[in-house]
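One structure is given below, encoded as C-alpha cells.
Just so we're on the same page: letters track the sequence lines, and every chain starts at 1.
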Number of protein chains: 2
Amino acid sequence: MARRLTQQDIARMAGVSQTTVSLVLNNRAEGAVRISPETRERVIRVIRETGYIADPAARRLAEGRNRILGVFTYEAVFPATSADFYHPFLVGIEECTEEAGCDLLLFTSARASGGRRRIFDQDSRVRLADGCVLLGHTVDRDDLARLITDQIPFVSVGRREDAGGPVPYVGADYASAAGALVRRAVALGHRRLVYVGAGAGAESWVDRHRGFLDAVTRLDVEGVMVNATPGADPPPGTPGVGPPGVQGGAPDMDAVLGTGATVAFFEEQADAVAFVAAARHRISIPADLSVVTLGSATRPVRSDIDFTGFRIPRREMGRRAVELLTGVIESGGTPQELLPCDLIEGSTLAAVTGGGPRPPAS
Amino acid sequence: MARRLTQQDIARMAGVSQTTVSLVLNNRAEGAVRISPETRERVIRVIRETGYIADPAARRLAEGRNRILGVFTYEAVFPATSADFYHPFLVGIEECTEEAGCDLLLFTSARASGGRRRIFDQDSRVRLADGCVLLGHTVDRDDLARLITDQIPFVSVGRREDAGGPVPYVGADYASAAGALVRRAVALGHRRLVYVGAGAGAESWVDRHRGFLDAVTRLDVEGVMVNATPGADPPPGTPGVGPPGVQGGAPDMDAVLGTGATVAFFEEQADAVAFVAAARHRISIPADLSVVTLGSATRPVRSDIDFTGFRIPRREMGRRAVELLTGVIESGGTPQELLPCDLIEGSTLAAVTGGGPRPPAS
DNA sequence: TGATCATGGTAATGCGGATTATTACTGGGG
DNA sequence: CCCCAGTAATAATCCGCATTACCATGATCA
C-alpha cells in the first residue's frame, strides 16, 4: 500500500517543521506557542491541497482519546431473533453518538473459548474506545468488576447490581410502572392480584416484582405469586435488560386461575400471550380475568391482543446511555438513572364485575 | 484515570526487557530471536496474573493493522424507517466479521457541513479500520474515487460503476433475475410486457432494466416502459443498493393499463403495492393483468400481497462483502461479484387468458 | 549598550508496542 | 589460544502525532 501522507510530508511541502503542522492542525497557537498568519495559511493550503488526514491511531496514542464509543453485547446485535429487541436501543445509541460526533465500535470479536463473548480476552480492542455501552442479556460479573477496577468509562443499559462497586447504568423504572398498574387495577375494584413470573434473578424481574409487592402492600390488597419459570431459578446469569427468549415453560394456567385473583400481572409479555391463548376458551378476558403485562414485547412474540401494560423506553435508554457515557468520559462519576415507562391503556384491564374467574374445571 | 499497564511494567515485574515481553506476546521466537522456555513461562505468568492487554492503538501504529472492519453508510443504519432495509445486510456483516475475529467500526460521525455524510472529512477515523464496507443509497463519487486512489481496502455492497477505476463490489444479479422472470412470463403466454420504473440512475435500476430488455429482445416479445419516477431523472446520486423511500410519485395507473401489456414488471415493490391498491377495483390481478416485482421490499411497505418476484439476498451480500473485504485486505485485488436472487413464486403472475386488461375507462 | 521581552518557530521527547541490530556468554574446533 | 557458531536477551529505532522545552531574532527600555 502506498505510504500514507504524514505531518512530516506536509511539513516538508510547506517548508516548516512537523511541530508547526501539528500546531496549525489543532489550533494550538493561543498560549505559549505562536504561529504567524502567513505560515498558518501556507500550512492550511498544503493540507487542503493534499487532503491530508491525521492517522487516528497515532492521534489516539498521543493524546489518549479517540471519539470512539464502544458497544458491547454478549449476543450478536443483529440476528433476526433478537432484532426487534435490540433495535430500539441501537437506534438511540446511534443517534446520540452521531450527535456527539463520535464513531461506534461494535465489539463483535470477543469470543471466549467457551463460545460466549467476553469483554476482556487477550487482544481485546476495548481500550480503543473512549468508553463503552453495555447492552444485553447477561453481563458477566467478572467483566463488570474489571471494567470498574480498570476505570474504563462505561454505562450499562439496564440496571445492574453492584459488582465490586456501583455500576453506572440507565434502566427502566419497572418498579414504578408496575406499581402504577397495580394502583390502576385496585382503582378498578380489584382486591386480589396475582404476579406471574420469576420475580427474581434478573434485575429487571426483581424490580417489577418489587414494584408489584410495594404497591400491593401499600394499598392493602392481596398479592399472590405464581412462578412462571419452572426449573429456572436462580438463572445462571444476571440479565438486566431482559433476554429475548430465555425463559422455560409457559405459566401454569390452572395455578393462575386457582389463585382466585381477578387480575394477573405477567412479568413477560410472551407468557401473557401464551396464557391468553390457552385460557381463551375457558374464560373471557377481561370480563372474567384482567391481564396486565409488565413491559412490552421482550421476546419476539406476535400477538394482536392490545394488552394493558407499559412501554419500555428503549430508544430513550439508548440515547441516555450515550449521554451519560460522554459525561463519564469527560468527568467521571457513576450515574444511575431509571427512565419512566409510559403506561399502555390497552383493553385487557377492566373493572371487577362478578366474583372473579371461575375456578379451574379440574 | 489510573495509568494503564504497559509492556514496560510487565517487563519490570518479570525482570526482563520490554522487547522480550513483546516477543513472548507475539510468539516471535522462531527465527533469529530466541527466548528460553523458562523466561517465556515467567513472562506469560506475569501477563496472566496482571491481566495485561496490549494497547490496540499502539499496536495498530506499530504493525499497521487492527482487525477492525469499518462500515460506512450515508444514512443512519438503524433508524426505524430503513430498519427493515438495512438490517439483513448488517446481520450478514456482523456474522462474518465475528467469524473473522474482527470488530466493527460504524462511521456514524462523518457529517459534512451540508448535513450529508462524507467519508473523508477532516479527522475521519476511516484509517483506523483495516478496510471498510460501503453500504447504502448514494455513494459519493468523490469519496469512491478517493478510496481508490488512497488504496484503502473496501468493498461496496451493491454494484457501482467505475469511479476513476474499477470499484470492488458484491451486488445482486438483478439482470438475471429480471430476465428469468421475463422468461417465465413469456412461457405463460405473455407477449406484451411493461416495465414500470426509472430504468436509469442507480446501478440497481439500470441492471433490472437491462435484464428485462435483454430477455424481451432475445425472446422476441414486446417490451414497453412506463416511467414511474416523474421529475426524478436523472437522480442526483448513484444509488446502488436501493434507497428506502426516495422515489417520488406513484406510477401512473392509466399509463400502465394503456400499454395493453398483460404483465407489468415493477422496479420497486412499493410502486407495485400502490398500483395494485389503486387498480384493485378496476381490474383483477392476475386475471386481467399479471404483476411482477423486481426485488423484495426496499422501501418499508407492508402488504399482504404475495407478489411474484425475487428475493434480494441481502444477508448473503453482507456476508460476502466481508469475505471479499478480508481478501482485499490480505492480498488486494478488485473483486466484483453478483449474487443470484431466488425467484419468488408468488401469486400475481398467471398465464394469459383473455385479451389483456381492459383499457382505462377514461 | 547590555538587559528584557515579545515574536515565531523548531528540536526533542513521549505515547505503547513491534522489529532490527547488537551484545554477552558458552562450548567446540582448528 | 583464538575464532566461530549458537543461544539468550537487550538496546535502539520506528510508527505518526501532540506537546514541552528551548532557541533565534529584532525591538524596547533603562
Quiz item: Separation of A:L25 atom CG from D:dG16 atom C1', in whole Å?
Solution: 12 Å
Quiz prompt | Atom-pair distance (CG on A:L61; P on D:dC14), nearest Å | solution = 17 Å
Exercise. Quickly work out the A:D9 CG to D:dG16 P distance and round it to whole Å.
Key: 9 Å
Quiz item: 5' to 3' on DNA chain C, which nucleotides open and close the contacts with chain A (atom under 4.0 Å from a heavy atom)?
Solution: C:dT7 to C:dG16
Can you tabulate the close N/O pairs, meaning under 3.5 Å, that link protein atoms to atoms of nucleotides 5-8 of chain D?
none

Quiz item: Looking just at side-chain N and O atoms, do B:S17 and B:T20 make a donor-acceptor pair shorter than 3.5 Å?
Solution: yes
Self-check item: Whether A:E203 side chain and A:G158 backbone form a donor-acceptor pair below 3.5 Å
Solution: no
Exercise. Please tell me which of B:V16 and A:E63 maps to the more 5' nucleotide of DNA chain D, matching each residue to the nucleotide holding its nearest heavy atom.
Key: B:V16
Exercise. For the helix from C:dT1-D:dA30 to C:dG30-D:dC1, measure the angle between the helix axis at one end and the axis at the other, each built from five pairs, rounding to 10°.
Key: 90°
Quiz item: Atom CD1 of A:I10 to atom C1' of D:dA18: distance rounded to whole Å?
Solution: 16 Å
Quiz prompt | Polar pair under 3.5 Å, donor/acceptor by atom type, side chain B:S17, base D:dA11 | solution = no
Quiz item: To the nearest Å, how far apart are B:N66 CG and D:dC15 P?
Solution: 18 Å
Self-check item: A:R4 CZ - D:dC15 C1' separation (whole Å)
Solution: 14 Å
Quiz prompt | Residue-level proximity of residues 41-58 of chain A to DNA chain C when a heavy atom falls under 4.0 Å | solution = none
Quiz item: Regarding A:S36 and A:T39, is there a side-chain donor-to-acceptor distance under 3.5 Å anywhere?
Solution: yes
Quiz item: Can you find a side chain N or O atom of B:T20 that sits less than 4.0 Å from OP1 or OP2 on D:dT10?
Solution: yes
Quiz item: Please give, in whole Å, the distance from D:dG16 C1' to B:L128 CG?
Solution: 13 Å
Quiz item: For A:T108, does its backbone N or O pair with a side-chain atom of B:E94 as donor and acceptor, under 3.5 Å?
Solution: no
Quiz item: Can you find a side chain N or O atom of A:T6 that sits less than 4.0 Å from OP1 or OP2 on D:dG16?
Solution: no
For residues 325-332 of chain A, which side-chain donor-acceptor pairs fall under 3.5 Å, sequence neighbours excluded?
residue: A:T326; atom: OG1; partner: A:V322; partner atom: O; Å: 3.4
residue: A:T326; atom: OG1; partner: A:E323; partner atom: O; Å: 2.7
residue: A:S331; atom: OG; partner: A:G327; partner atom: O; Å: 3.3

Quiz item: Could you go step by step and tell me if A:M13 and A:T50 meet the side-chain contact (heavy atoms from CB on, under 4.5 Å) rule?
Solution: CA-CA 10 Å; A:M13 296 166 99; A:T50 57; 3.7 Å; yes
Exercise. Could you check if a side-chain atom of B:N27 sits within less than 4.5 angstrom of a side-chain atom of B:R40, using non-hydrogen atoms only?
Key: yes
Quiz item: Where the side chain of B:R67 meets the backbone of B:A100, is there a donor-acceptor pair that is under 3.5 Å apart?
Solution: yes
Quiz prompt | Cation-aromatic face contact A:R160/A:Y169, 6.0 Å, 45 degrees | solution = no
Quiz prompt | Whole-Å distance separating the CZ atom of A:R65 from the P atom of D:dT19 | solution = 12 Å
Quiz item: Is A:I119 close to A:R146 at the side-chain level, that is, under 4.5 Å between some pair of heavy atoms?
Solution: no
Quiz item: So, A:Q8 versus A:Q18: side-chain donor-acceptor pair below 3.5 Å or not?
Solution: no
Practice problem: List in chain and number order the residues that pass salt bridge (Lys or Arg N to Asp or Glu O under 4.0 Å) with B:E38, two or more places apart in sequence or in another chain; answer none if no residue qualifies. | Solution: none
Quiz item: Of the non-hydrogen atoms in B:C132 and B:V126, which two are nearest, and what is the gap between them?
Solution: SG-CG1, 4.3 Å
Quiz item: Step by step, would you call A:D103 with A:L69 a side-chain contact (heavy atoms from CB on, under 4.5 Å)?
Solution: CA-CA 6 Å; A:D103 290 324; A:L69 304 184; over 6 Å; no
Quiz prompt | Under 3.5 Å donor-acceptor pair, A:Q18 side-chain atoms to D:dA18 base atoms | solution = yes
